[in-house]
Amino acid sequence: MQEAEKKTDSGIEIKKVYTCNDLPTNLNETLLPGEFPYTRGVQSDMYRGKLWTMRQYAGFSTAEESNKRYHFLLSQGVMGLSVAFDLPTQIGYDADHSLAEGEVGKVGVSICSIEDMEILFKDIPLDKISTSMTINSTGFILLALYIVLAKKRGIDLKQLAGTIQNDILKEYAARGTYIYPPKQSMRIITDIFEYCGQHLPKWNSISISGYHIREAGSTAVQEVAFTLSNGKAYVKAAIEKGLDINVFGKRLSFFFNAHNNLFEEVAKFRAARKMWATIMKDLGATDEKALMLRFHTQTGGATLTAQQPLNNISRVTIQTIAAVLGGTQSLHTNGFDEALGLPTQEAASIALRTQQIVANESGISDTADPLAGSYFIESLTNELEQKALALINQIDEMGGAVSAIENGFMQNKIAESAYAYQKAIESKEKIIVGVNQFESTYTTNIPVFQIDESIRIQQIEKLKAIKSIRDNTKVANCLEAVKAAAASTENIMPSVIDAIENYCTLGEIADVLRGIYGEYQA
């Protein structure tokens with residue numbers, strides 16, 4: 001009987017055995033971690049010098065409830081916070097807006113004003129921890145809120161460390177939480193680059209995200225190609241604004257997914273580093289830190305199953321190992337119950353312990369790039385790179401990422417891959433344990449985290465209270481200043497920061513820009 005062909009999830013054929021003849025001809029066997037093009041890692045000693053930052057993505061309900069979870073996670077050994085915002089916050093609506101109904105506090109924390117931000121980070125030392133905020137179309141407002149909070153506490157902005165995702169292109173391609181048209185959104189992003197370069201030297205002004213591209217159904221090859229193409233678009237826009245690639249290039253970070261195909265995922269991370277270093281060099285970067293692809297990883301939410309949810313602990317462990325073997329700089333591990341709802345405190349704790357066990361008990365972190373030289377890994381890294389480069393070249397021929405998104409190229413490719421993957425599951429060509437094979441009639445009694453509908457009422461009451469005591473003449477003047485900055489070439493960040501300091505709300509600021517830029521219709 002003929003043996004079935006084996007392929008990675010990207011369709012790369014896997015041979016029965018690999019030998020030295022499969023090594024790429026351009027492989028430099030003496031290449032070391034910390035050396036261009038950083039295939040083997042961005043640090044010479046990687047985790048021997050410092051472990052990756054262990055984060056847990058959390059945010060739900062009110063700022064008060066999220067603050068309690070943050071303190072719990074910090075007490076358990078989390079080294080950095082990752083904030084999830086609810087949908088109204090992500091798309092620029094206060095909790096009292098009619099379109100916010102039914103969504104306040106559901107998939108993240110509701111933030112409407114500086115008061116919410118003060119509560120969210122109560123008793124958390126902003127100058128001692130790093131904060132990552134998963135926010136895009138309203139990223140400039142959330143950054144302004146964080147800055148104002150630090151200023152109110154007397155913290156030097158130069159001490160603030162963290163990241164705003166701020167990657168709007170992937171929203172058009174894969175996720176959908178955009179507000180303004182692409183060109184206007186790109187202008188806001190370059191304003192953030194400029195402001196952070198001048199005032200927040202430790203802050204990553206963007207996290208160019210492949211995570212959501214993968215969650216939407218892309219392959220590993222597409223995740224790399226589309227993410228790096230988006231990255232090129234941001235870099236070119238910043239250069240056109242007159243910014244120095246060697247300055248802003250150091251503050252670019254990336255955000256990737258980790259799935260279950262262990263070796264393909266490791267190869268993906270290695271190839272992405274090499275490709276980005278070459279792209280940045282070609283665009284004119286000379287500072288080695290501007291050439292380095294530094295990235296955060298989150299384990300794959302789309303890989304989690306509602307069937308037999310405890311199996312997800314094994315999946316997350318495999319994905320954690322892939323991220324660490326691939327050289328991630330920070331990592332979030334998903335809770336086993338996230339296919340059912342928001343993670344419970346127990347699930348979040350197990351997810352963090354997974355990272356801590358891999359770090360301290362597995363030995364994986366003892367040496368840099370432990371899979372280097374593997375015939376299979378080196379061959380797979382090279383093949384993944386070549387396939388991703390072919391896609392990037394196609395996008396370049398269209399005029400770059402913005403044009404490819406406007407033409408629907410990325411969206412169509414992702415949809416095709418998602419369809420093919422689902423077909424493979426339904427035909428059992430792709431086995432998902434507990435879903436299409438090894439099913440069980442046994443039901444586990446997993447508690448589901450529920451969000452109370454009264455959250456919206458609480459948030460509306462807070463908004464009413466703020467609006468009743470603030471100086472509304474100052475508010476009107478501040479919003480006019482935001483409008484004037486948005487309509488000119490002036491950097492928008494100072495006027496937004498001033499508006500936040502005078503208690504303008506997130507929705508009010510977002511609406512001013514809606515009036516100037518309009519809303520994007522796909």
Side-chain angles (χ1 to χ4, degrees), residues 85-104 106-108 112 134-142 164-192 206 208-218 222 226-227 229-234 236-237 240 394-395 397-419 479 482-489 492 496 505-522:
F85 298 97
D86 69 1
L87 282 173
T89 304
Q90 291 181 49
I91 54 176
Y93 293 122
D94 290 331
D96 58 0
H97 196 285
S98 60
L99 292 177
E101 189 171 353
E103 293 294 342
V104 175
K106 286 291 177 70
V107 298
C112 302
T134 303
I135 196 79
N136 297 284
S137 57
T138 55
F140 68 106
I141 304 175
L142 269 300
I164 45 169
Q165 192 162 97
N166 196 30
D167 175 7
I168 201 64
L169 292 180
K170 68 97 172 53
E171 294 296 327
Y172 302 116
R175 192 161 172 265
T177 64
Y178 46 76
I179 305 174
Y180 316 112
K183 288 182 176 61
Q184 286 77 12
S185 293
M186 292 291 279
R187 174 262 167 96
I188 295 170
I189 287 168
T190 55
D191 278 2
I192 292 170
I206 194 168
I208 305 158
S209 175
Y211 183 84
H212 300 101
I213 289 169
R214 193 68 179 278
E215 289 291 285
S218 82
Q222 290 168 346
F226 296 163
T227 305
S229 286
N230 288 347
K232 282 177 73 174
Y234 294 126
K236 287 181 176 180
E240 286 171 12
Q394 274 187 273
I395 291 167
E397 287 168 8
M398 295 175 193
V402 175
S403 296
I405 289 166
E406 288 175 341
N407 295 335
F409 175 77
M410 290 190 195
Q411 298 93 311
N412 290 337
K413 286 289 184 185
I414 294 167
E416 288 167 9
S417 296
Y419 178 67
L479 294 176
V482 172
K483 183 178 180 181
S488 70
T489 57
I492 198 171
V496 173
T505 69
L506 174 136
E508 288 171 335
I509 295 167
D511 279 348
V512 167
L513 269 67
R514 280 188 177 93
I516 297 289
Y517 298 150
E519 293 190 70
Y520 180 67
Q521 301 296 322

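Every value quoted in this text rests on a predicted model; they were computed, and no experiment measured them. The chain is numbered in sequence order, starting from 1.
When all heavy atoms of N230 and K170 are compared, the pair lying nearest together is ND2-N, 3.9 Å. Shortest non-hydrogen contact noted between A418 and A216 is CB-O, 3.7 Å. When all heavy atoms are compared, the tightest approach of K106 to D86 is N-CB, 4.1 Å. Closest of all the heavy-atom pairs between C112 and A95 is SG-N, 3.5 Å. Across every non-hydrogen atom of L169 and A401, the tightest pair is CD1-CB, 4.3 Å. Heavy atoms only, all atoms of each residue included: L513 and I492 are closest at CD2-CD1, 3.7 Å.
In this structure, the separation between CG on L479 and CD1 on I509 is 6.5 Å, given to the nearest 0.5 Å. Expressed to the nearest 0.5 Å, how far CE of M186 lies from CG of D191 amounts to 12.0 Å. In this structure, CD1 on I168 lies 11.5 Å from CD on Q184, to the nearest 0.5 angstrom. Y234 OH to I189 CD1: the interatomic distance, rounded to the nearest 0.5 Å, is 4.5 Å. Annotation: the span from L142 atom CG to Q165 atom CD amounts to 11.5 Å, rounded to 0.5 Å. Within the model, atoms CD of E416 and CD of Q222 stand 8.0 Å from one another, a figure rounded to the nearest 0.5 Å.
Heavy atoms of other residues, nucleotides or ligands lying less than 6.0 angstrom from CD of Q394 number more than 12. Within a 6.0 Å sphere centred on NZ of K483, heavy atoms belonging to other residues, nucleotides or ligands number 12 at most.
In this structure a side-chain-to-backbone donor-acceptor pair under 3.5 Å is present from Y517 to A486. No donor-acceptor pair under 3.5 Å is formed between the side chain of T177 and the backbone N or O of S137. Side chain of Q90 to backbone of F85: a donor-acceptor contact under 3.5 angstrom is found. Remark: the backbone N or O of G139 is not paired with any side-chain donor or acceptor of N166 at under 3.5 angstrom. Between the side chain of Y180 and the backbone N or O of A510, at least one donor-acceptor pair lies under 3.5 Å.
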Apply side-chain contact (heavy atoms from CB on, under 4.5 Å) to the pair T190 and E240, showing each step before the final yes or no. CA-CA 10 Å; T190 55; E240 286 171 12; over 6 Å; no
Quick one: do T227 and I213 satisfy side-chain contact (heavy atoms from CB on, under 4.5 Å)? Show the steps, please. CA-CA 8 Å; T227 305; I213 289 169; 3.9 Å; yes
Can you check side-chain contact (heavy atoms from CB on, under 4.5 Å) on L506 and D94, steps first, answer last? CA-CA 6 Å; L506 174 136; D94 290 331; 4.0 Å; yes
Mind running side chain to side chain donor-acceptor pair (under 3.5 Å) on Y172 and S185 for me, showing each step along the way? CA-CA 11 Å; Y172 302 116; S185 293; 2.9 Å; yes
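Side chains of S209 and D167: no donor on one and acceptor on the other come within 3.5 Å.
A heavy-atom distance below 4.5 Å is not found between the side chains of I206 and I192.
Both the sub-6.0 Å distance and the 45° axial angle are not jointly satisfied by R187 relative to the ring of F140.
Of the charged side-chain nitrogens involved, at least one lies within less than 4.0 Å of a carboxylate oxygen, so that E406 and K183 count as a salt-bridged pair.
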